[in-house]
Every structure is written in structure tokens, then in C-alpha cells.
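For the numbers below, each heavy atom of this structure counts, side chains included, while hydrogens, waters and symmetry mates do not. Atoms within a ligand are numbered from 1 in the order they appear, just like the ligands themselves.
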Amino acid sequence: MPRTLITGAAGFLGSHLCDRFLKEGHHVIGMDNLLTGSLDNIAHLFPLKEFEYYHHDVSKFVHVPGELDYILHFASPASPIDYLKMPIQTLKVGALGTHNLLGLAKAKQARILVASTSEVYGDPLIHPQKEDYWGNVNPVGPRGVYDEAKRFMEAITMAYHNFHNVETRIIRIFNTYGSRMRVDDGRALPAFFSQAIRGEGLTVFGDGSQTRSFCFVDDLVEGIYRLLMSDHHLPINIGNPSEITIKEFAEEILELVGNPAAKIIYKPLPKDDPKVRKPDITKARKILGWEPKVDRKEGLKKTLEYFRSKVV
Ligand code: UDP
């Protein structure tokens with residue numbers, strides 16, 4: 001039975017990864033410090049003997065007894081509001097945390113996959129974004145703490161691959177949604193769903209003409225699994241190329257939720273908010289045989305059930 005360490009296990013993506021790797025027959029060690037994660041997301045796993053949970057901050061030395069076959073590093077604040085509130089922790093988990101986990105992978109001869117992000121492209125000047133685009137990031141802007149930590153993550157991961165022959169995988173994750181997102185994480189989808197359900201104003205930032213491309217969590221998890229099992233060590237975009245403006249996205253959610261009391265209101269655009277974002281997934285298609293299967297309509301419907309159960 002392969003033994004797999006998942007950091008950020010109590011978070012949105014980490015908890016879905018725990019489910020998937022348990023289903024694939026792995027022994028899963030989930031690690032989290034609950035800075036932004038919640039044990040509610042993995043409470044259903046605690047009775048399983050194939051699942052262990054360690055409460056630990058991976059920016060400090062990471063000790064795991066026994067053998068390890070795979071490491072998935074998904075610990076980090078991930079929403080712009082979270083990393084503005086926790087800039088130092090965000091830098092530390094992306095930089096020091098990644099260093100610790102690469103050291104662990106080297107010591108255990110484990111294969112490691114690190115969660116990078118479309119934020120490495122910053123406010124992109126190339127559209128859609130291909131993996132060979134180097135990005136347009138403001139290192140001293142508010143998003144710099146996340147973007148630069150993730151860029152460092154990629155650099156140190158390549159260094160461990162090149163100099164220590166560690167088996168590494170780098171995924172660049174684009175906007176993803178689904179159950180277990182934190183209702184108050186400040187991202188567009190949780191904000192719009194909870195505002196629509198409560199009959200409040202949907203807070204569109206700027207004029208809402210900025211674009212994003214939203215991927216359903218099950219598709220993302222499939223992409224992660226395939227990348228981990230592949231032999232490709234260079235970064236790969238995983239995301240859904242279906243692009244939409246934020247205003248249209250808010251309108252879709254308004255229509256789906258169907259609460260006549262809710263309507264769109266406009267708020268100032270945050271500094272350095274990327275104007276466009278859409279993954280070029282040619283590489284994922286060719287190398288992993290992967291593409292998203294769940295369209296936005298279907299994915300949003302499934303996700304609405306979760307938000308209705310969480311929003312009070
Ligand atoms: N956004 C918005 N209203 C909100 C939250 C976000 O209009 O209440 C916008 C935000 O300015 C950005 C887009 O929605 O242009 C996606 O933001 P999110 O925080 O979900 O993640 P990002 O893609 O910026 O990392």
C-alpha cells in the first residue's frame with residue numbers, strides 16, 4: 001500500500017485529495033495547522049485506519065515516521081483576502097514549507113508534487129497563458145507574497161530535481177471551485193453564492209470586465225492524480241479554459257440561486273487584480289490525456305447544494 005503525505009489536508013483541495021488517494025488504495029497522512037483549513041472537511045476520514053492526521057505547520061521541520069512514497073504539498077492560504085491578512089505565513093509556507101518537504105522527499109526517496117498557481121503569471125500580458133510564459137508579477141504589491149512564494153516554490157523544486165535527482169512534479173492550478181470552499185474566504189464564488197443565498201448585494205469588484213476560467217474540483221483532482229503518476233517534471237497548467245467575465249459570472253450565480261432579493265453591486269477593484277486569466281491546456285491534453293469534463297453549469301449546480309447547507 002503506497003504511503004502518501006498530503007499537506008493542507010484540511011483545506012478545500014487537500015481534503016478532496018485525501019478522499020481520492022484513499023480511494024486509490026493509498027495510506028494517507030494528512031497534515032495541516034488549521035490556519036485556513038477546517039477539520040470538518042476531513043472528519044469523515046478519522047474512523048479509517050488508512051488515514052492519519054498530524055497537526056503541524058510545515059514551515060517548521062517536518063518529521064514523518066516510516067516510509068513515504070508520495071508527497072503532495074497543498075498547504076497555503078490561497079485566497080487574496082487570506083494572504084493579505086497572513087502575508088508572512090503565506091511566504092513561509094510557500095518557501096520554507098516547500099524546502100522542508102523537498103528535504104523530506106529526498107530523505108524518503110519519495111516523489112513530490114507541489115501546488116503552484118496561475119498567479120505565477122501575475123497580471124498576464126499573454127493570453128491565454130502557456131507554461132512557457134514567464135509572467136508579469138509585481139513583487140512588492142499586495143499579491144506579491146503569494147505569487148513570489150509560489151515562484152520560489154517552482155525554482156527550489158526544479159533545483160531539487162536537477163541537483164538532488166528528487167522526482168518532482170509542478171502543477172499550476174487555475175481558479176477551482178466545489179464543495180468545502182470556505183464560505184467566507186473572500187473569493188468570487190463563495191462570496192457570490194453566499195450573498196445570493198442571503199439575498200444581499202453580489203459584490204462585483206471594478207466594472208466586472210476582468211475574466212477568470214473556473215474548473216470544477218473533481219476535474220482538477222483527476223489532473224493532479226495523472227500528473228503525479230506521469231514522468232513529467234516541468235510545470236503543467238491544470239484548469240478549465242472556459243473563460244467568463246466576473247460580471248457574467250455573478251449573473252449566472254444570481255440566476256441559478258433565484259433569490260429575487262439579491263442583486264449586483266459594485267466595489268472598487270483591488271490593486272494588481274489580474275485583468276484576464278485563462279489556461280492554455282495543450283500540454284495537459286498531450287502529456288496527461290487530461291481535459292475538464294464538468295461544464296460550469298453542472299459544476300455550479302453541484303456546488304450550490306454545498307453552499308445552501310453551509311450559508312446561514
Ligand atoms: N471578485 C469580485 N467580488 C468578490 C470577490 C472577487 O468581483 O467579492 C473578483 C476579483 O476582483 C477577481 C475575480 O473576482 O477579479 C476572482 O477573484 P478571486 O478572489 O476569486 O480569485 P483570484 O482569481 O483573483 O485569485
Please step through side-chain hydrogen bond (donor to acceptor under 3.5 Å, both in side chains) for the pair T211 and E243, ending with a clear verdict. CA-CA 6 Å; T211 69; E243 186 184 15; 2.6 Å; yes
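- Taking the six-membered ring where the residue is Trp, Y133 and Y121 present parallel rings, their angle staying beneath 30° rather than reaching 60°.
- For T245 and E248, the side-chain atoms include at least one donor-acceptor pair closer than 3.5 Å.
- Contacts classified as ring pair (Phe, Tyr, Trp, His ring centres under 6.0 Å) and involving residues 211-239 (residues at least two apart or in different chains) are given here: F21-Y225, H161-H233, Y177-F216, F214-F249.
- Protein residues with a heavy atom closer than 4.0 Å to ligand 1 are P80, E119, R143, N175, G186, R187, A188, A191, F192, T203, V204, F205, Q210, R212, I246, P270, D273, R277, listed by chain and number.
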Trace of the side-chain hydrogen bond (donor to acceptor under 3.5 Å, both in side chains) decision for N136 with D123: CA-CA 6 Å; N136 177 38; D123 189 3; 5.0 Å; no
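- Distance check, rounded to the nearest 0.5 Å: CD1 of I173 to CD1 of I236 gives 13.0 Å.
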